[in-house]
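Report on one structure; see the data block that follows.
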Amino acid sequence: MSILSDIFKKRGIRDVTELDPEEQETFGKYEKILSKPDFTLEDFKHFLESQITIIESKWQDYDRKDKGDLIPYHTVYKTLLNITNAPQVER
């Protein structure tokens with residue numbers, strides 16, 4: 001059983017089709033990365049960049065009310081990305 005399947009089970013989601021289109025897209029990205037036999041630093045960077053892009057696109061949605069709730073996520077993803085992009089000496 002995969003990590004995502006366990007998370008779905010805890011949330012009461014039986015199948016990916018129960019997710020809305022945006023959630024299905026995010027699931028697809030997670031599934032692609034997590035199902036690889038070897039998880040590289042480049043995979044992690046790609047994941048962080050995609051999460052930052054998703055958050056920033058949500059900030060551009062004028063009808064969205066909970067934009068402030070996304071700040072901690074953006075901060076963490078951006079910090080991790082900066083760490084992974086830093087020279088080896090600085091890490």
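Side chains are part of it too, since the values below use all heavy atoms of this structure and drop only hydrogens, waters and symmetry mates. Since we're looking at a predicted model, the values are computed, not measured.
With sequence neighbours excluded, the residues that form a salt bridge (charged side-chain N to carboxylate O under 4.0 Å, His left out) with Arg14 are Glu18. Every side chain to side chain contact (heavy atoms under 4.5 Å, CB included) that Phe27 has, sequence neighbours left out, goes to Leu4, Phe8, Val16, Leu19, Glu31. Contacts of Phe47 classified as ring-ring contact (aromatic ring centres under 6.0 Å, His included), with partners at least two apart in sequence or in another chain: Tyr30. Remark: Glu25 engages Lys29 in a salt bridge (charged side-chain N to carboxylate O under 4.0 Å, His left out) (not counting sequence neighbours). Residues passing the ring-ring contact (aromatic ring centres under 6.0 Å, His included) test with His74 are Trp59, sequence neighbours excluded. A search for side chain to side chain contact (heavy atoms under 4.5 Å, CB included) contacts involving Asp69 returns Asp66, not counting sequence neighbours. In this view, Glu49 satisfies the salt bridge (charged side-chain N to carboxylate O under 4.0 Å, His left out) rule with no residue, not counting sequence neighbours. Not counting sequence neighbours, the partners of Thr40 by the side chain to side chain contact (heavy atoms under 4.5 Å, CB included) test are Glu42, Asp43. Considering only residues two or more places apart in sequence or on other chains, Asp38 meets the side-chain hydrogen bond (donor to acceptor under 3.5 Å, both in side chains) condition with none of them. Listed by chain and number, the residues in a salt bridge (charged side-chain N to carboxylate O under 4.0 Å, His left out) with Lys58 are Glu22 (sequence neighbours excluded). Partners of Asp61 according to the side chain to side chain contact (heavy atoms under 4.5 Å, CB included) rule, which considers only residues two or more places apart in sequence or in another chain, are Asp63, Arg64.
Between Leu81 atom CG and Ile52 atom CD1 the span is 5.0 Å, to the nearest 0.5 Å. Between the NZ atom in Lys78 and the CD atom in Gln51 there is a gap of 13.5 Å [rounded to 0.5 Å].
Here the side chains of Thr26 and Glu23 are not in contact, with every heavy-atom distance at 4.5 Å or above.
Placement of Ile54 and Ile71 in two distinct hydrophobic clusters is found when ILVMFWY residues are connected by side-chain heavy-atom separations under 4.5 Å, directly or transitively.
When all heavy atoms of Thr75 and Thr79 are compared, the closest pair comes out as O-OG1, 2.7 Å.
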